[in-house]
Every structure is written in structure tokens, then in C-alpha cells.
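Below: one structure, written as C-alpha cells.
Note that the structure is a prediction, hence the values are computed from the model and not measured. Below, all heavy atoms of this structure are taken into account, side chains as well, without hydrogens, waters or symmetry copies.
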Amino acid sequence: EQYLQGLRDAGLVDVEVRERIMYSADQLEAFACSELPLEKAQPAEQTSCCGGAASWMPGIDVASLARGLEGRVWSARVAAKKP
């Protein structure tokens, strides 16, 4: 609601969220992996792209973190008009 209000405050009208896109755990893990250097994102001994406990962040299980965020991270398609 704060984001939409910011658009209204900027002078836009008929501001509305048209669609929400919820990200799955697989998508969230892939997003995290896409931001890593290739040699760190795909260690040979690991099975997922980040390998769970990836070497770039010791002690962090990226796959578990992604599962915990599933349903809580989303994008929105917003529509508005200039008056």
C-alpha cells in the first residue's frame, strides 16, 4: 500500500495491482544462484545450483532458505494513469 501511495503522491491516478507473481523455492534459489560467480554457484560436489551449504557463504543452506521464503516473496504488475 505504501508503494501504491507513493505512485499516487507522484501524480498518478487509478493506481492498482493487476497481478501478483509468487515465487517458488526453486525460483528463489535460482535467483540467488544467478547473482553468484559461476565457479561459486556450481561447486562440483553439490547437487543444486548453489549446493545448499554453498562455499561462498559457509553455514548458509540456500535451498532451505529459499524454501523458508516460498510464498513470502513476490512481484507485482502495477497499472496507473497519468492525468
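To the nearest 0.5 Å, atoms CG (L69) and OG (S64) are separated by 11.0 Å. Taking CD from E70 and CG from L28, the interatomic distance works out to 7.5 Å, rounded to the nearest 0.5 Å. Here the straight-line distance linking atom CZ of R20 with atom CZ of R77 works out to 13.5 Å at 0.5 Å rounding.
For residues 2-30, the pairs satisfying ring-ring contact (aromatic ring centres under 6.0 Å, His included) are Y23-F31, with sequence neighbours left out.
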Indicate every side-chain donor-acceptor pair of residues 4-18 with a distance under 3.5 Å to a residue at least two apart or in another chain.
| unit_1 | atom_1 | unit_2 | atom_2 | d |
| --- | --- | --- | --- | --- |
| Q5 | NE2 | D9 | OD1 | 2.8 |
| R8 | NH1 | E1 | OE2 | 3.1 |
| E16 | OE2 | R18 | NE | 3.0 |
| E16 | OE2 | R18 | NH2 | 3.3 |

